Visitor: 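What follows is a single structure, and I will ask about it in a moment.
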Amino acid sequence: MALPRSLCAVLFVLATLSSTFAEDLVHSSCIHASYPNICLRTLSSYSGPAKTPRDLAQAAVKVSLSRARRVSTYLNGVAGQGKANKREQAALSDCVEQISDSVDELSNTLKELKHLRPGTFQWQMSNAETWVSAALTNEDTCLDGFQGVDGKVKADVKRKITNVARVTSNALYLINRLDSTRGRVGLEP
């Protein structure tokens with residue numbers, strides 16, 4: 001059974017408005033992020049619904065977590081090959097641990113953002129901000145371990161960690177932005 005033309009037109013307009021609102025939310029939220037182009041690119045193409053600042057913060061953490069997991073897998077693979085010299089192997093070993101910690105912290109952040117409640121909002125936001133900040137510190141510490149090391153391994157690790165750090169920095173920005181609203185939007189269970 002076909003829908004009446006007027007109903008089809010209304011549904012089309014509503015779908016377009018919803019899509020436009022989500023795009024506007026991403027754009028207005030990302031414009032002042034540390035890495036606005038990366039923020040726009042990663043969150044505009046994100047497949048989950050981002051209808052509120054909370055949704056957007058969760059999406060940003062999911063992007064960061066996904067990339068951190070991929071880098072963790074990469075680092076474990078490179079470290080496990082045993083082809084690195086002693087100095088590189090030590091830096092890789094430390095980096096594996098640091099990024100593993102980042103994955104844990106980003107996972108904790110995502111869990112916290114999924115269960116925000118008005119009565120505990122400030123405490124939960126403090127936890128989320130602390131964990132994402134710690135993940136950023138771990139990423140920086142990983143790179144610090146490669147000082148004095150040259151070569152392809154360092155270049156590859158630096159490129160991958162820098163990418164994760166940038167999306168993590170954007171996630172922290174969006175979490176801070178959510179915190180500044182004091183949870184007025186998007187806290188429904």
Side-chain angles (χ1 to χ4, degrees), residues 14-75 95 98-143 159-189:
L14 288 174
T16 303
L17 287 174
S18 177
S19 175
T20 301
F21 175 76
E23 289 171 16
D24 288 347
L25 177 63
V26 170
H27 186 268
S28 66
S29 298
C30 288
I31 198 71
H32 297 293
S34 301
Y35 304 96
N37 291 334
I38 293 171
C39 184
L40 285 167
R41 188 174 64 248
T42 58
L43 297 179
S44 292
S45 63
Y46 186 75
S47 61
K51 297 176 183 164
T52 66
R54 177 185 177 184
D55 294 338
L56 205 54
Q58 287 179 14
V61 173
K62 286 177 184 177
V63 167
S64 182
L65 179 58
S66 172
R67 292 188 182 191
R69 283 180 174 149
R70 280 191 301 223
V71 169
S72 180
T73 299
Y74 164 79
L75 290 170
C95 205
Q98 295 294 325
I99 299 306
S100 175
D101 289 348
S102 288
V103 166
D104 291 344
E105 289 150 354
L106 292 167
S107 295
N108 289 339
T109 301
L110 189 56
K111 288 176 196 167
E112 197 79 335
L113 291 176
K114 286 181 177 181
H115 302 288
L116 292 174
R117 299 287 178 253
T120 57
F121 179 80
Q122 286 306 124
W123 177 74
Q124 291 175 290
M125 291 306 296
S126 177
N127 287 341
E129 291 163 345
T130 298
W131 288 322
V132 175
S133 294
L136 272 171
T137 299
N138 290 336
E139 293 154 8
D140 286 342
T141 301
C142 168
L143 291 178
R159 181 176 41 82
K160 291 175 185 302
I161 295 295
T162 298
N163 179 277
V164 173
R166 288 178 178 169
V167 294
T168 303
S169 178
N170 285 340
L172 180 58
Y173 167 77
L174 292 170
I175 290 168
N176 287 336
R177 194 167 189 262
L178 176 61
D179 190 16
S180 72
T181 69
R182 302 286 187 256
R184 288 187 294 270
V185 179
L187 274 189
E188 302 78 40

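All values below come from the heavy atoms of this structure, side chains included, with hydrogens, waters and symmetry mates left out. On a predicted model such as this, the values are computed, not experimentally measured, just so you know.
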Visitor: Hey, are the side chains of Lys62 and Leu106 touching, using non-hydrogen atoms and a 4.5 Å cut-off?
Guide: no

Visitor: OG/Ser102 to CG/Leu65 distance, rounded to the nearest 0.5 angstrom?
Guide: 10.0 Å

Visitor: Quick check: closest heavy atoms across Gln58 and Leu110, and the distance to 0.1 Å?
Guide: O-CD1, 3.7 Å

Visitor: Could you measure the distance from the CG atom of Asn163 to the OH atom of Tyr35? Nearest 0.5 Å is fine.
Guide: 11.0 Å

Visitor: So how far is it from Asn37 CG to Thr42 OG1, rounded to the nearest 0.5 Å?
Guide: 10.5 Å

Visitor: Between Thr120 (side chain) and Leu116 (backbone), is there a donor-acceptor pair under 3.5 Å?
Guide: no

Visitor: When you measure from the side chain of Arg54 to the backbone of Lys114, do you find a donor-acceptor pair of N or O atoms at a distance under 3.5 Å?
Guide: yes

Visitor: For a 4.5 angstrom cut-off between non-hydrogen side-chain atoms, does Leu178 reach Leu113?
Guide: yes

Visitor: Sub-3.5 Å donor-acceptor pair from the side chain of Glu105 to the main-chain atoms of Val132, do we have one?
Guide: no

Visitor: Output yes when a side-chain donor or acceptor of Ser169 lies under 3.5 Å from a complementary backbone atom of Ala165, and no otherwise.
Guide: no

Visitor: Under the criterion side-chain contact (heavy atoms from CB on, under 4.5 Å), I'd like the reasoning laid out for Val71 against Val103: C-alpha separation, chi angles, the key distance, then a yes or no.
Guide: CA-CA 10 Å; Val71 169; Val103 166; over 6 Å; no

Visitor: Heavy atoms only: give me the nearest Arg177-Ser28 pair and the separation to one decimal.
Guide: NH2-O, 3.5 Å

Visitor: Under a 3.5 Å distance rule, please check whether Thr168 uses its side chain to pair with a backbone N or O of Val164 as donor and acceptor.
Guide: yes

Visitor: Spell out, as yes or no, whether a donor-acceptor pair under 3.5 Å connects the side chain of Arg166 to the backbone of Ile38.
Guide: no

Visitor: Glu112 versus Trp123: any side-chain heavy-atom pair under 4.5 Å?
Guide: yes

Visitor: So, taking the atom named OG1 in Thr109 and the one named CH2 in Trp131, what distance separates them when rounded to the nearest 0.5 Å?
Guide: 6.5 Å

Visitor: Atom CG of Asn138 and atom OG of Ser100: how far apart are they, to the nearest 0.5 Å?
Guide: 9.5 Å

Visitor: Would you check if the side chain of Ser44 reaches a backbone N or O of Leu40 as a donor-acceptor pair within less than 3.5 Å?
Guide: yes

Visitor: Compare every heavy atom of Pro53 with every heavy atom of Leu25, then report the nearest pair and how far apart it is.
Guide: CD2-N, 4.2 Å

Visitor: Using a 4.5 Å cut-off on heavy atoms from C-beta on, say whether the side chain of Asp179 contacts that of Phe121.
Guide: yes

Visitor: Using modelled atom types only, decide if a donor and an acceptor are shared between the side chain of Asp55 and the backbone of Thr52 within a distance under 3.5 Å.
Guide: yes

Visitor: Counting C-beta onward and ignoring hydrogens, is there a side-chain heavy-atom pair between Ser133 and Leu172 closer than 4.5 Å?
Guide: yes

Visitor: Are any of the side-chain heavy atoms of Asn170 and Cys30 separated by less than 4.5 Å?
Guide: no

Visitor: Are the side chain of Glu139 and the backbone of Ile99 linked by a donor-acceptor contact shorter than 3.5 Å?
Guide: no

Visitor: Mind checking the CE-OG spacing from Met125 to Ser180? Nearest 0.5 Å is all I need.
Guide: 8.5 Å

Visitor: Within the side chain of Ser64, is there an N or O that forms a donor-acceptor pair under 3.5 Å with the backbone of Val61?
Guide: no

